[in-house]
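One structure is given below, encoded as structure tokens.
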There are 2 protein chains.
Amino acid sequence: MAVTIRDVARASGVHISTVSRTFSAPHLVNPETRSRVLATAEQLGYRPNRAARALITGRTHNIGLIVADIANPFFPPLIKAAETHARRRDYHVFVADTDEDPIVELDLVQALAKQVDGILLCSPRMSDDQIEQVRREVPLVVVNRMITGLPAVVMDVGHGAREAVRHLLDLGHRHLVYLAGPRGSWTNREIRRAAGATARAAGADLTVLGPNQPVEETGAAAAEAVLRTGATAVLAYNDLMAIGLLQALQDRGVDVPGQVSVVGIDDIAYSGLVRPRLTTVANPTAAAGRTAVDMLLQQGDDGATGQVTLRTDLIIRNSTGPGPYAPAVAITAEVAAAHVKE
Amino acid sequence: MAVTIRDVARASGVHISTVSRTFSAPHLVNPETRSRVLATAEQLGYRPNRAARALITGRTHNIGLIVADIANPFFPPLIKAAETHARRRDYHVFVADTDEDPIVELDLVQALAKQVDGILLCSPRMSDDQIEQVRREVPLVVVNRMITGLPAVVMDVGHGAREAVRHLLDLGHRHLVYLAGPRGSWTNREIRRAAGATARAAGADLTVLGPNQPVEETGAAAAEAVLRTGATAVLAYNDLMAIGLLQALQDRGVDVPGQVSVVGIDDIAYSGLVRPRLTTVANPTAAAGRTAVDMLLQQGDDGATGQVTLRTDLIIRNSTGPGPYAPAVAITAEVAAAHVKE
DNA sequence: TAAGCTGTTGCAAACGTTTGCCGAATGGAG
DNA sequence: CTCCATTCGGCAAACGTTTGCAACAGCTTA
């Protein structure tokens with residue numbers, strides 16, 4: 001049915017190898033012949049069969065993109081950026097969703113391995129060992145997790161968490177809660193460590209609640225527990241949980257940020273739409289997607305295994321306010337600054 | 001490098017065709033032989049090369065999923081459902097984003113055509129003619145657009161729009177605005193027609209504002225124009241625009257739903273998170289994704305070109321309230337019902 | 001004028017599978 | 001004991017490409 005290289009060869013009176021070269025090594029064919037071949041190819045509607053090409057060259061011009069949950073608003077901007085960037089480099093992208101399940105994740109990587117030139121593993125939940133192992137089957141770039149010896153692009157969540165905690169301390173909060181993310185998440189460990197260290201250094205308390213699935217519902221469900229700790233400020237693993245918490249607190253008549261301050265992480269599209277607008281740590285997800293694609297495609301050339309860390313920024317909106325130990329002067333300035341940003 | 005069927009054959013002392021049959025036609029090989037082959041395959045870590053298989057069978061076991069904008073929260077649930085469903089049927093999914101550009105869309109379909117067994121075209125912006133044309137190159141299922149003779153799955157937005165308008169009329173609104181979506185959108189035409197007819201039948205006014213890009217910003221930007229019309233209720237093309245409008249109105253000190261009622265369409269994850277919670281028409285996007293995959297995969301068997309319409313439901317939350325012509329009794333009941341749903 | 005280069009093309013093997021065909025072995029029926 | 005049917009496995013062609021090698025023509029160089 002489909003028109004092949006052979007049809008083009010016959011129609012333009014040359015050997016199939018000449019047609020092949022017209023597309024994959026144009027400088028090796030006489031300009032005159034080339035244009036003739038191109039013309040008939042165009043006319044016949046010929047398109048090279050990538051599968052056949054892959055079979056012999058070993059390069060599929062496909063990449064795999066594996067994420068924990070496509071519907072988690074953190075990922076779509078990353079997927080979009082990666083796909084667009086890959087396509088610009090003539091690569092197509094398989095997208096797959098593991099539903100936060102490490103077993104599915106492993107299956108998926110292995111199923112995809114033969115069909116792609118490399119895989120972008122986003123926020124993987126597998127063990128380091130498993131990742132090391134699949135790495136031998138297919139080139140990998142890990143996103144949002146740092147494993148020694150493996151190419152990775154991560155957001156500097158440690159920095160973000162420190163900034164967030166410092167912001168809360170500056171506002172006069174002395175008892176904080178970290179509403180933790182899922183077990184097995186590198187990001188979660190980083191945040192926890194950074195937040196804990198920063199709070200401790202300032203002589204403040206930090207209570208960790210979790211682990212939790214990183215969705216709105218668990219944030220809402222944690223409201224009760226948060227209140228019981230007596231803390232006046234909460235840092236959540238991500239915006240989804242922060243938003244869930246925010247609303248559950250309001251439903252209980254707790255004023256945010258009057259009685260409790262809430263900070264999220266990610267700056268998903270909707271964190272600016274809830275009321276109060278959410279103070280959060282912005283993650284450059286689109287840049288991460290592009291960078292990861294670049295790293296993956298370069299990996300073929302040399303064996304370089306760089307690890308790139310992307311800057312994060314605290315965005316102060318309206319879900320954070322003065323705490324019980326607020327130094328009157330400093331606070332008003334701080335709050336004013338926050339309102340300006342809005 | 002990679003372990004092939006030949007390695008397995010050698011290691012288990014059979015011909016490659018026997019190995020092949022062990023995987024693709026198990027009933028043709030002696031159980032004893034089969035288990036021996038499976039054992040060595042397992043041990044060697046053999047995985048069939050899908051590209052090679054595709055070359056000879058003509059079936060790639062891949063499908064393409066083309067959407068206008070991955071980052072538009074309407075799509076991720078659809079993508080997720082389609083991917084999961086496809087994988088359960090042993091298919092992998094290419095996802096691509098056209099950025100609402102019909103030219104990119106056409107390119108993409110043609111580039112993907114050879115690599116997939118079929119394509120899901122979601123909310124396409126191409127002309128009917130172009131779609132008809134590519135249809136001859138690759139099996140297609142169109143989502144969110146109805147084209148005669150083409151397999152399609154659409155949401156019954158007409159029904160949703162009618163329900164929404166009736167809800168507003170029941171509440172006592174007599175002057176409505178339809179905040180329109182993008183040019184070239186089939187959905188947009190359907191809503192507009194249904195809403196217009198329903199309003200007219202009840203002797204109410206419906207002013208159309210648009211077309212607009214289907215994003216939050218245009219919703220916000222339309223606030224001024226909406227107020228100028230003097231309308232007391234707005235139906236928006238989608239939740240994104242409705243939310244943008246909602247917030248812009250509140251920023252201007254307009255009470256929602258006290259002064260103006262707002263209804264969205266789609267029921268994206270965040271429409272329940274804004275305050276007031278958004279009354280909206282729920283679209284079964286996940287079901288649409290699954291159905292579309294099923295239709296695509298069945299298409300190979302027969303040439304059936306069904307067109308499936310999925311039910312939509314009005315979800316009454318808190319962004320709609322009594323209008324100027326509200327019959328006192330009916331309203332209180334209605335509003336009470338709305339609050340219960342919350 | 002012979003030798004050697006350069007540019008262009010054809011030839012054929014190879015990539016990893018599937019599958020129609022054929023032959024060998026087995027076993028039951030007559 | 002022969003015949004036939006059935007089951008199993010091997011052989012080889014085919015899928016649509018790429019690519020090393022060789023052939024040839026037309027030059028240049030000595």
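Throughout, protein chains are lettered first and strands after them, A, B, ... in sequence-line order, and every chain is numbered starting at 1.
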Worksheet item: Per the atom types in the model, does the base of C/dG10 pair as donor or acceptor with the side chain of A/Arg21 at under 3.5 Å?
Response: yes
Discussion item. Between B/Thr18 and D/dG10, is there a contact of a side-chain N or O with OP1 or OP2 at under 4.0 Å?
Written reply: yes
Worksheet item: Taking only side-chain nitrogens and oxygens of B/Thr57, does any of them come within less than 4.0 Å of OP1 or OP2 of D/dC15?
Response: no
Checking all strands, does [X] fall into the base, sugar-phosphate, or nothing category for heavy-atom contacts under 4.0 angstrom?
| X | value |
| --- | --- |
| A/Thr4 | sugar-phosphate |
| A/Arg6 | base |
| A/Arg34 | nothing |
| B/Tyr46 | sugar-phosphate |

Distance check needed: [N] [atom2] versus [X] [atom1], whole Å only.
| X | N | atom1 | atom2 | result |
| --- | --- | --- | --- | --- |
| B/Arg53 | D/dA14 | CZ | C1' | 17 Å |
| B/Arg59 | C/dT17 | CZ | C1' | 16 Å |
| A/Lys114 | C/dG16 | NZ | P | 9 Å |
| A/Leu55 | D/dA14 | CG | C1' | 12 Å |
| A/Phe23 | D/dT18 | CZ | P | 9 Å |
| B/Arg36 | D/dC8 | CZ | P | 14 Å |
| A/His15 | C/dT9 | NE2 | P | 13 Å |
| A/Ile16 | C/dA14 | CD1 | P | 15 Å |

Backbone N or O of [Y] within a donor-acceptor pair of the [X] side chain at under 3.5 Å?
| X | Y | value |
| --- | --- | --- |
| A/Arg145 | A/Pro124 | yes |
| A/Thr84 | A/Lys80 | yes |
| A/Asp101 | A/Thr98 | no |

Nucleotide nearest [X] when distance is taken to its side chain, options [options]:
| X | options | answer |
| --- | --- | --- |
| B/Ile5 | D/dT18, C/dG10, C/dT18 | C/dT18 |
| A/Ser20 | C/dG10, D/dT18, C/dT17 | D/dT18 |
| A/Val14 | C/dG10, D/dG9, D/dT17 | C/dG10 |
| A/Ile56 | D/dG10, D/dG9, D/dT17 | D/dT17 |
| A/Asn49 | D/dG16, C/dG16, D/dA12 | D/dG16 |
| B/Ser24 | D/dT17, C/dT18, D/dT18 | C/dT18 |

Worksheet item: Closest approach of A/Val93 and A/Ala86, non-hydrogen atoms and distance?
Response: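 Closest approach of A/Val93 to A/Ala86, heavy atoms only: CG2-CB, 3.7 Å.
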Worksheet item: Salt bridge between A/Arg87 and B/Asp97, side-chain N to carboxylate O under 4.0 Å?
Response: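 No, A/Arg87 and B/Asp97 are not salt-bridged.
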Side-chain atoms of residues 102-116 of chain A: list all donor-acceptor pairs with protein atoms under 3.5 Å, sequence neighbours left out, distances to 0.1 Å.
residue	atom	partner	partner atom	Å
A/Glu105	OE1	A/Arg125	N	3.1
A/Glu105	OE2	A/Arg125	N	3.0
A/Glu105	OE2	A/Met126	N	3.1
A/Gln110	OE1	B/Arg47	NH2	3.1
A/Gln110	NE2	A/Glu137	OE2	3.4
A/Lys114	NZ	B/Arg47	O	2.9
A/Gln115	OE1	B/Asn62	ND2	3.2
A/Gln115	NE2	B/His92	ND1	2.7

